[in-house]
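In the text below, chain A, chain B and the rest are named by the order of the sequence lines, each starting its count at 1.
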Number of protein chains: 2
Amino acid sequence: MSKSSKTVSPAKTVRENSFGWMTKILCASLDAEMRRELKHLGLSLDQFAMLMTLAEAEGLTQTALGSRISMPGYATTRTIDALEEMRYVERRKDERSRRSYRIYLTDQGRTVIPGLFVIVKKVNGQLLSVLSSDEKKQLMTIYKKIVTARFD
Amino acid sequence: MSKSSKTVSPAKTVRENSFGWMTKILCASLDAEMRRELKHLGLSLDQFAMLMTLAEAEGLTQTALGSRISMPGYATTRTIDALEEMRYVERRKDERSRRSYRIYLTDQGRTVIPGLFVIVKKVNGQLLSVLSSDEKKQLMTIYKKIVTARFD
DNA sequence: TCATAAAGATTGCATTTGCAAGTATTGTAT
DNA sequence: ATACAATACTTGCAAATGCAATCTTTATGA
């Protein structure tokens, strides 16, 4: 074995250099942090995502709402069930179609939104705190490129 | 409203520019692709990760094996149960300690490994195909920086 | 040495998840 | 107008997940 060769297995090299793997590690770590932050509020990640989407646009049908965050129908139903239970959200009958509802934040729901923005800022901040501003720009460019390629 | 202002809500801007959010989208998309690839092999993502780890190092205890992929003890037990059921893996009694097992690939298990490397290459390749080689280097540097900061 | 704690692994049980099937309503084509 | 397909949403049920308790074995300290 030559002096310069590394004593790592090929498998190790593959895993540690895998973008997919690193993305997963990062994602798991972010999820854990978000969950921890959301715990005091009694919110799951799905419920959080739904509330953020409602902060962006109210009055959509369940399907439209769910599709914004790639949430399947059954999960959308259940997430809204839970948020309705907490009085953060309400279903209103659609005026044109009796098979769909339009989803709105309640006043009570509106009060929790600002705290959610704070959490997002905090978690993203931690994530990015080790990067230079050049690197942040690079990462954003790269992410957008990848995500765009996947969904267009 | 000035000519140059964009007609998007603040919420939308926050979500679409959130690194955490984009990481999650990317991760979900990767997971779905991996699951699809692994389906013919009858493997879950956890089982896949365990087999890849075994390709990297055999003869570890369950706990050691699980800790390499941040898998909690109970999940490690169950993943190994399933892989043992498929005859891809076997538990051998530890010679020094009667409370632990050492985990090894079986011959049959070894035959599936090459296919797993192919899948990893394929999925990572798709992920990165839209990036220039400079961008790939940048992404790797950035990922390593973030992941290192989180776990050291 | 003996009690007590810690480590390694497993499992019971409740919750979550996801598929597939269900209901009700609306759209489409003959 | 009628039959058939598609849409919107819900739900039953089985599998996956996760917490906490358990069992066994090993380590630690007085």
Side-chain angles (χ1 to χ4, degrees), chain A residues 24 27-29 31-36 38-39 41-50 53-54 57-86 89-104, chain B residues 24 27-29 31-36 38-39 41-50 53-54 57-86 89-104:
Chain A
K24 246 186 113 66
C27 194
S29 163
D31 272 7
E33 224 162 294
M34 283 299 294
R35 254 187 263 275
R36 198 167 46 71
L38 290 170
K39 196 161 193 178
L41 301 178
L43 291 173
S44 72
L45 282 172
D46 279 353
Q47 291 159 9
F48 160 79
M50 180 107 297
T53 309
L54 283 164
E58 291 185 62
L60 299 176
T61 64
Q62 296 191 189
T63 311
L65 208 50
S67 84
R68 288 201 172 205
I69 48 179
S70 308
M71 187 182 278
Y74 67 85
T76 305
T77 293
R78 284 167 180 160
T79 303
I80 292 171
D81 283 352
L83 290 173
E84 207 171 28
E85 183 90 10
M86 304 181 212
V89 140
E90 63 181 15
R91 286 178 165 95
R92 295 187 202 158
K93 292 187 187 302
D94 189 319
E95 287 171 2
R96 298 196 250 301
S97 170
R98 277 183 300 173
R99 66 186 155 173
S100 48
Y101 294 105
R102 299 279 167 174
I103 310 303
Y104 293 86
Chain B
K24 244 185 115 64
C27 193
S29 163
D31 273 7
E33 224 162 293
M34 283 300 293
R35 254 186 263 274
R36 197 166 47 68
L38 291 170
K39 196 162 193 178
L41 301 178
L43 291 173
S44 72
L45 282 173
D46 279 354
Q47 291 159 9
F48 160 80
M50 180 108 296
T53 309
L54 283 165
E58 291 185 61
L60 300 176
T61 63
Q62 297 192 187
T63 312
L65 208 49
S67 84
R68 289 202 173 204
I69 49 180
S70 309
M71 186 182 279
Y74 68 84
T76 304
T77 293
R78 284 166 180 159
T79 303
I80 292 172
D81 282 352
L83 291 173
E84 206 171 30
E85 182 90 10
M86 304 183 214
V89 140
E90 62 181 17
R91 288 178 164 94
R92 295 188 201 157
K93 294 187 187 302
D94 189 319
E95 287 170 3
R96 298 197 253 300
S97 171
R98 278 183 300 173
R99 66 186 155 172
S100 48
Y101 293 104
R102 300 279 168 175
I103 311 302
Y104 294 85

> For A/D94, what residues pass the salt bridge (Lys or Arg N to Asp or Glu O under 4.0 Å) criterion, not counting sequence neighbours?
Replying inline: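 For A/D94, the residues satisfying salt bridge (Lys or Arg N to Asp or Glu O under 4.0 Å) (neighbours in sequence not counted) are A/R102.
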
Can you tell me how far [atom2] of [N] sits from [atom1] of [X], to the nearest Å?
{"X": "A/L45", "N": "C/dT15", "atom1": "CG", "atom2": "P", "answer": "19 Å"}
{"X": "B/D81", "N": "C/dG12", "atom1": "CG", "atom2": "P", "answer": "12 Å"}
{"X": "A/I80", "N": "D/dT11", "atom1": "CD1", "atom2": "C1'", "answer": "15 Å"}
{"X": "A/R92", "N": "D/dA8", "atom1": "CZ", "atom2": "C1'", "answer": "19 Å"}
{"X": "A/L65", "N": "D/dT7", "atom1": "CG", "atom2": "C1'", "answer": "17 Å"}
{"X": "A/M71", "N": "D/dC9", "atom1": "CE", "atom2": "C1'", "answer": "15 Å"}
{"X": "B/L83", "N": "C/dA9", "atom1": "CG", "atom2": "C1'", "answer": "16 Å"}
{"X": "B/L38", "N": "D/dA16", "atom1": "CG", "atom2": "P", "answer": "15 Å"}

Contact summary for [X] and [Y], nearest pair of heavy atoms:
{"X": "A/S44", "Y": "A/L38", "result": "O-CD1, 3.9 Å"}
{"X": "A/G66", "Y": "A/T76", "result": "CA-OG1, 3.7 Å"}
{"X": "B/Q47", "Y": "B/G42", "result": "OE1-O, 3.7 Å"}

>> Output one letter per nucleotide in nucleotides 17-23 of chain C: B when a protein non-hydrogen atom lies under 4.0 Å from the base, S when only the sugar-phosphate is that close, - when neither is.
In response: BBB----

> B/R35: what forms a side-chain contact (heavy atoms from CB on, under 4.5 Å) with it, not counting sequence neighbours?
Replying inline: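 Per chain and number, B/R35 pairs via side-chain contact (heavy atoms from CB on, under 4.5 Å) with B/D31, B/L45.
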
>> Could you work out, with side-chain contact (heavy atoms from CB on, under 4.5 Å) as the rule, every residue matching A/R99, not counting sequence neighbours?
In response: A/S97

N/O (side chain, [X]) to phosphate O (OP1/OP2, [N]) under 4.0 Å:
{"X": "A/S100", "N": "D/dA8", "value": "no"}
{"X": "B/T77", "N": "C/dA9", "value": "no"}
{"X": "A/Q62", "N": "D/dT7", "value": "no"}
{"X": "B/T63", "N": "C/dA9", "value": "yes"}

> If we only count heavy atoms from C-beta on, is the B/V89 to B/I103 side-chain gap below 4.5 Å?
Replying inline: yes

> Just checking, B/R92 and B/Y101: is the charged tip under 6.0 Å from the six-membered ring centre and within 45° of the axis?
Replying inline: no

I'd like a table of donor-acceptor pairs (distance under 3.5 Å, sequence neighbours excluded) in which one partner is a side-chain atom from residues 78-86 of chain A, with atom names and distances.
| unit_1 | atom_1 | unit_2 | atom_2 | d |
| --- | --- | --- | --- | --- |
| A/T79 | OG1 | A/A75 | O | 2.7 |
| A/D81 | OD1 | A/R91 | NH1 | 3.0 |
| A/D81 | OD1 | A/R91 | NH2 | 3.0 |
| A/E84 | OE1 | A/R91 | NH1 | 2.7 |
| A/E84 | OE2 | A/R91 | N | 3.1 |

> So what does B/R102 hit on the nucleic acid, given a heavy-atom distance under 4.0 Å: a base, only sugar-phosphate, or nothing?
Replying inline: nothing

>> Over all strands shown, is B/T61 touching base, sugar-phosphate only, or nothing at heavy-atom distances under 4.0 angstrom?
In response: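 Result for B/T61 = sugar-phosphate.
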
>> As a test of reading the structure: which of C/dT26, D/dT26, D/dT11 is closest to the side chain of B/R98, going by heavy atoms?
In response: D/dT26

> Is there a donor-acceptor pair under 3.5 Å between the side chain of B/S67 and the backbone N or O of B/S70?
Replying inline: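 The answer is no, because no donor-acceptor pair under 3.5 Å joins these two groups.
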
Short N/O separations, protein against nucleotides 1-7 of chain C, under 3.5 angstrom:
| unit_1 | atom_1 | unit_2 | atom_2 | d |
| --- | --- | --- | --- | --- |
| C/dA7 | N3 | B/R99 | NH1 | 2.9 |

